[in-house]
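Here is the structure we will look at.
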Amino acid sequence: MNKRGKILIITGPSGVGKDTVMNELKNSHKEFRFCRSVTTRDKRPGETEGVSYFFITREEFDRMDKDGELIESIEYLGNKYGTRFDEIDNAIESGENLIMILEAHGMEQIRSHYKNDCICLFLFPPSIKELENRLRARGRESDEQIKERLGNARIEISTAKEYDYFVINKEVHSCAEEIYKIVKGETVNES
Ligand code: 5GP
C-alpha cells in the first residue's frame, strides 16, 4: 500500500518566487504535483484541460458548490475558482504530495479540514529590498503598485508565525531542496 501523501501549502508575498520554487520542486521530484482547481474562466492559449485547471461552466460550478464537493472557493475578476475534496483525497491516498499555492485564508480553510495531512510553509524573501528588486525586475507593476505590494508583504510577513515552517528563497534550487527535505521529515527548522 502507498504511504499517504502530504498537502504542501505555500504562502508568501507577491514576487517572492512561489511559482518558480514550486516548479523546481515538482520538476526535480516526481512524487509532487500541483493541485488542480476548477474554474469558470476561459482557457488561455497554452493551457491544457486538467493540467493546472479543470475548465467548467458556471452551472457545473454552482452544482458542485451546492452539493458540497468544494472545500473552498473564491470569485476573482468575475470568474469562480474552487478546490475539490476529490482532487485532494485521490492524490494523498495514492501517495502523491500535492502542492497548493494559496493566500492565508485559503490555507486556513484547507488546514481546518486536513490538519494532519498539511505542511504549511511561508516563503520569505532574503530582505524587503531584495523583494523590491525582484518585483522591479518582473516589470509587471507600476511604482505605485510595487509600493502597495511591499506594504502587503510586511503585513503578510507578520503572520508567518501561523505556519509550520519558514524558508528563505535566496536561490531557487537550494530553496526547493530545503522544502523537499522538510516534506521528507529530514529537516527540523520548525518555526
Ligand atoms: P488565474 O486566473 O490567473 O489563473 O488565477 C487567478 C487567481 O485565482 C490567482 O491568484 C490564483 O492563485 C487564484 N486561484 C486559482 N485557483 C484557486 C482556488 O481553487 N482557490 C482559491 N482560493 N484561489 C484560486
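These values consider heavy atoms only, across backbone and side chains, with no hydrogens, waters or symmetry-generated copies.
Not counting sequence neighbours, the partners of R33 by the salt bridge (Lys or Arg N to Asp or Glu O under 4.0 Å) test are E87, E96. Applying the side-chain contact (heavy atoms from CB on, under 4.5 Å) criterion to S52, with sequence neighbours excluded, gives E47. Residues that satisfy the ring pair (Phe, Tyr, Trp, His ring centres under 6.0 Å) test with F124, not counting sequence neighbours, are F122, F166. The side-chain contact (heavy atoms from CB on, under 4.5 Å) check on R138 picks up S14, L135, R140, E141, R149, with sequence neighbours excluded. Scanning for ring pair (Phe, Tyr, Trp, His ring centres under 6.0 Å) contacts around H173 gives an empty result, with sequence neighbours left out. Here S112 pairs with nothing under the side-chain hydrogen bond (donor to acceptor under 3.5 Å, both in side chains) rule; sequence neighbours left out. Under the side-chain contact (heavy atoms from CB on, under 4.5 Å) criterion, S158 pairs with no residue, sequence neighbours left out. For Y81, the ring pair (Phe, Tyr, Trp, His ring centres under 6.0 Å) test picks out Y53, with sequence neighbours left out. Residues satisfying the side-chain hydrogen bond (donor to acceptor under 3.5 Å, both in side chains) test with R136, not counting sequence neighbours, are E132, D143. N97 is linked by a side-chain hydrogen bond (donor to acceptor under 3.5 Å, both in side chains) to nothing, counting only residues two or more places apart in sequence or in another chain.
Every pair passing salt bridge (Lys or Arg N to Asp or Glu O under 4.0 Å) that includes a residue from residues 18-31 is listed here, sequence neighbours excluded: E31-K184. Applying the ring-ring contact (aromatic ring centres under 6.0 Å, His included) rule to pairs touching residues 9-38 yields H29-Y180, sequence neighbours excluded.
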>> What verdict does the side-chain contact (heavy atoms from CB on, under 4.5 Å) test give for M100 and I7, after you've listed the backbone C-alpha separation in whole Å, the side-chain angles of each residue and the deciding distance to 0.1 Å?
In response: CA-CA 7 Å; M100 303 183 81; I7 306 166; 3.7 Å; yes
>> Quick one, L8 with I182, criterion side-chain contact (heavy atoms from CB on, under 4.5 Å). Give me CA distance, side-chain angles, the key distance, then yes/no.
In response: CA-CA 10 Å; L8 175 61; I182 287 173; over 6 Å; no
> Do D62 and K80 pass the salt bridge (Lys or Arg N to Asp or Glu O under 4.0 Å) test, and can you show the C-alpha distance, the side-chain angles, and the key distance before you say yes or no?
Replying inline: CA-CA 9 Å; D62 291 342; K80 292 186 172 187; 3.0 Å; yes
>> Evaluate L121 against V167 for side-chain contact (heavy atoms from CB on, under 4.5 Å), listing each step before the verdict.
In response: CA-CA 7 Å; L121 194 145; V167 173; 4.2 Å; yes
> Would D67 and R63 satisfy salt bridge (Lys or Arg N to Asp or Glu O under 4.0 Å), going step by step from the backbone distance to the final call?
Replying inline: CA-CA 6 Å; D67 291 349; R63 187 208 53 77; 2.8 Å; yes
> Stepwise, does the side-chain contact (heavy atoms from CB on, under 4.5 Å) test hold for V38 with F55?
Replying inline: CA-CA 6 Å; V38 290; F55 297 92; over 6 Å; no
>> Go through it in stages, so that I can follow the logic: the residues are D117 and R4, the test is salt bridge (Lys or Arg N to Asp or Glu O under 4.0 Å), and I'd like the CA-CA distance, side-chain angles, deciding distance and then a yes or no.
In response: CA-CA 8 Å; D117 296 307; R4 197 172 166 81; 2.8 Å; yes
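Considering all non-hydrogen atoms of both residues, F61 and G82 come closest at CE1-N, 3.6 Å. The minimum heavy-atom distance between V183 and I119, with the atom names listed, is CA-CD1, 3.9 Å. When all heavy atoms of L123 and C175 are compared, the pair lying nearest together is CD1-SG, 3.6 Å. Taking both residues in full, the closest heavy atoms of S127 and E130 are given as OG-N, 3.0 Å, listed atom of the first, atom of the second, then distance. Here the shortest heavy-atom pairing between A153 and L131 reads CB-CD2, 3.6 Å. Nearest heavy-atom pair across E72 and I110 is CG-CD1, 4.1 Å.
Looking at E156, its side chain never comes within 3.5 Å of a backbone N or O of T159 through a donor-acceptor pair. Judged purely by atom type and a 3.5 angstrom limit, T39 uses its side chain to pair as donor or acceptor with the backbone of R41.
Taking CE of M107 as the reference point, atom CG of D164 lies at 8.0 Å (rounded to 0.5 Å). Taken from CD1 in I92 to SG in C118, the straight-line distance is 8.0 Å, to the nearest 0.5 Å. Atom CG of L150 and atom NZ of K129 lie 9.0 Å apart (nearest 0.5 Å). In this structure, NE2 in H105 is found 12.5 Å from OG1 in T11, a value given to the nearest 0.5 Å.
R111 is listed as a side-chain neighbour of C120, based on a closest heavy-atom distance under 4.5 Å. Counting heavy atoms from C-beta on, the side chains of I71 and R84 never come closer than 4.5 Å. Counting only heavy atoms from C-beta outward, the side chains of T40 and T57 never approach each other to under 4.5 Å. In this structure, Y114 and L98 have side chains that are not in contact, with every pair of non-hydrogen atoms separated by 4.5 Å or more. At a threshold of 4.5 Å between non-hydrogen side-chain atoms, the residues T83 and C35 count as touching.
Using a 4.5 Å cut-off between side-chain heavy atoms of Ile, Leu, Val, Met, Phe, Trp and Tyr, with links allowed through other members, Y163 and L25 fall into the same hydrophobic cluster. I99 and F54 fall into different hydrophobic clusters, defined by Ile, Leu, Val, Met, Phe, Trp and Tyr side-chain heavy atoms under 4.5 Å apart, directly or through other members. Under a hydrophobic clustering in which Ile, Leu, Val, Met, Phe, Trp and Tyr are joined whenever their side-chain heavy atoms come within less than 4.5 Å, directly or via other members, I168 and I128 fall into the same cluster.
Ring pair F85/H113 is perpendicular by interplanar angle, where above 60° counts as perpendicular and below 30° as parallel.
With respect to R58 and E75, a salt bridge is recorded, a charged nitrogen being found less than 4.0 Å from a carboxylate O. For the pair K181 and E177, the salt-bridge criterion is not met [side-chain N within less than 4.0 Å of a carboxylate O].
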